[in-house]
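Beneath this line is the structure, given in structure tokens, with notes to follow.
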Amino acid sequence: MRILTGIQASGKPHLGNILGAIIPAIELSKQVGNDSFLFIADLHTLTSLKDGESIRNNTLSVAAAWLAFGFDTEKNYFYRQSKLAPYHTELMWYLNCFTPFPMLANAHSFKDKAEKLSDVNAGLFTYPVLQAADIVLYDAQIIPVGKDQRQHIEMTRDIANSVNKKYNKDIFVLPEAKINEEVMTIPGVDGAKMSKSLNNYIDIFLPENELLKQIKKIVTDTTALEDPKDPDQDITYKLYQLMASKSEIAEMRANYLAGGYGYGHAKQALFNLILQYFKEVREKFDFYMSHPELIEEKLQIGEKKVKPIAEATIARIRAEFKF
Ligand code: ADP
Ligand code: TRP
């Protein structure tokens, strides 16, 4: 199977991105017979971020995170969308001409962003068409994404299908979204969905003292230390459960129910668990961040490897237009 997913260079990956997207996609890439295309969607990033220095730093930290989690760039494909911009944007133009205007006007993500952002640019509007180009350019079959992206993948299928129908040929592969329902919503320190934009995230790559500070911000109720507590209502316990072993979870649960165990104790346990669970990953992340030239090298190799695939797709569609 050909797996493909893109990640915007909009910030450093947080615990929600890691448990919800990075780890599941790495697992998928390790299955025999799968080829994974993993790219940094830096052209999409421009819809919300215009500063080159920030885009570059975010690109490095996103790439370092994937490498730290063991993405095998030799077996797979690892690249920046901007380095293949001629293919992505050319294909986007062709797809634009097969995209009904109301499909874009009714897209949930566009409507959400148009309400929230002050910069409602045309890039935001045509964002799903660039995403469709990203996907069909490499004949991708499976697209692991969060629930918020479901509609974008459906739009990709619709657009690709209208091209295939028009020329009565399988020019493009119709992709399918793979959405992991269970780990869909990792809570942030305030209990809402963990998100960069809500500033409620836990950054597992921080130095220990700063990480502990973030964990201490987790909101709790006012139950006294000596009283029993309901673990199922508590954010620290919810986060702990996502990474701890069965016996560790059972032990913490018993502590909550028994009383005499404070939220501060639970937070310290969560902190220790994160340090232990991500020990190697934290080291590797720091290593790559202090060796950006290694990241650059791996990306450049990937960019060379994907180019002929992109060229072949462009040639296929151009042939239909007699271009
Ligand atoms: P953010 O909301 O922080 O801006 P993105 O929208 O860039 O995150 O999401 C990148 C990936 O991480 C997507 O696949 C998304 O589904 C996943 N993701 C983001 N936040 C969470 C979360 N709180 N729980 C689970 N998965 C998440
Ligand atoms: N829109 C996706 C997000 O914000 C990022 C993305 C761009 C993407 N192109 C893609 C995801 C192609 C999957 C496939 O998360």
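In listed order, ligands and their atoms are each counted from 1.
Those atoms of ligand 1 with a heavy atom of Asp148 less than 4.0 angstrom away are 16 (O). Numbered from 1 in the order shown, with element, the atoms of ligand 2 that lie under 4.0 Å from a heavy atom of Asp134 read 7 (C), 9 (N), 10 (C). Distances below 4.0 Å separate heavy atoms of His14 from the following atoms of ligand 1: 3 (O), 20 (N). Proximity to Met194 (heavy-atom distance under 4.0 Å) selects the following atoms of ligand 1: 20 (N), 21 (C), 22 (C), 23 (N). Atom numbering of ligand 2 starts at 1 in the shown order; those under 4.0 Å from a heavy atom of Phe39 are 9 (N), 10 (C), 12 (C). Here is the list of ligand 1 atoms found below 4.0 Å of a heavy atom in Gly20: 25 (C), 26 (N).
Both tests pass for Lys113 against the ring of Tyr127: distance under 6.0 Å to the centre and angle within 45° of the axis. Judged by the 6.0 Å and 45° rule, Lys12 forms no cation-pi pair with Phe205. Under the 6.0 Å distance and 45° angle rule, Lys298 does not count as a cation-pi partner of Phe78.
Residue contacts with ligand 2 for Ile143 involve side-chain atoms from C-beta outward but no N, CA, C or O (heavy atoms, distance under 4.0 Å). Only the side chain of Val145 comes within contact range of ligand 2, with a heavy atom under 4.0 Å; no backbone atom does. The proximity of Thr185 to ligand 1, defined as any non-hydrogen pair under 4.0 Å, is limited to the backbone. Heavy atoms of Phe37 found under 4.0 angstrom from ligand 2: none, in either backbone or side chain. The proximity of Ile153 to ligand 2, defined as any non-hydrogen pair under 4.0 Å, does not occur for either the backbone or the side chain. By the criterion of a heavy-atom distance under 4.0 Å, neither the backbone nor the side chain of Thr5 is placed next to ligand 1. When non-hydrogen atoms are compared, ligand 1 lies under 4.0 Å from the side chain of Ala21 (C-beta onward) but not from its backbone.
Aromatic pair His152/Phe110: ring centres not closer than 6.0 Å. The aromatic ring centroids of Tyr138 and Tyr87 lie 6.0 Å or more from each other. The six-membered or imidazole ring of Tyr94 lies near that of Phe321, with a centre-to-centre distance under 6.0 Å.
Ligand 1 lies out of reach of Gln8, whose nearest heavy atom is not under 4.0 Å from it.
Between Phe101 and Phe125, the angle of the ring planes lies from 30° to 60°, which puts this pair in the tilted group. The aromatic rings of Tyr263 and Tyr256 stand perpendicular to each other, their planes meeting at an angle above 60°, with 30° marking the opposite boundary.
Taking any N or O of Ser197, backbone or side chain, none lies under 3.5 Å from an N or O belonging to ligand 1. Looking at ligand 1, you'll find an N or O of Ser195 within less than 3.5 Å of one of its N or O atoms. Considering backbone and side-chain N/O atoms, Lys147 never comes within less than 3.5 Å of an N/O atom of ligand 1. Considering backbone and side-chain N/O of Val145, none are found under 3.5 Å from N/O of ligand 1.
One option in Asn17, Thr45, Ile179 has a heavy atom closer to atom 8 (O) of ligand 1 than any other, and that option is Asn17. Relative to atom 12 (C) of ligand 2, the option among Gln81, Gln131, His152 with the closest non-hydrogen atom is Gln131.
The pair Lys50-Asp119 meets the salt-bridge criterion, since a charged nitrogen lies less than 4.0 angstrom from a carboxylate oxygen. Note on Arg316 versus Asp139: salt bridge recorded, some NZ/NE/NH1/NH2 to OD/OE distance being below 4.0 Å.
The one candidate from Glu297, Glu296, Glu303 that meets the side-chain hydrogen bond (donor to acceptor under 3.5 Å, both in side chains) condition with Gln300 is Glu296.
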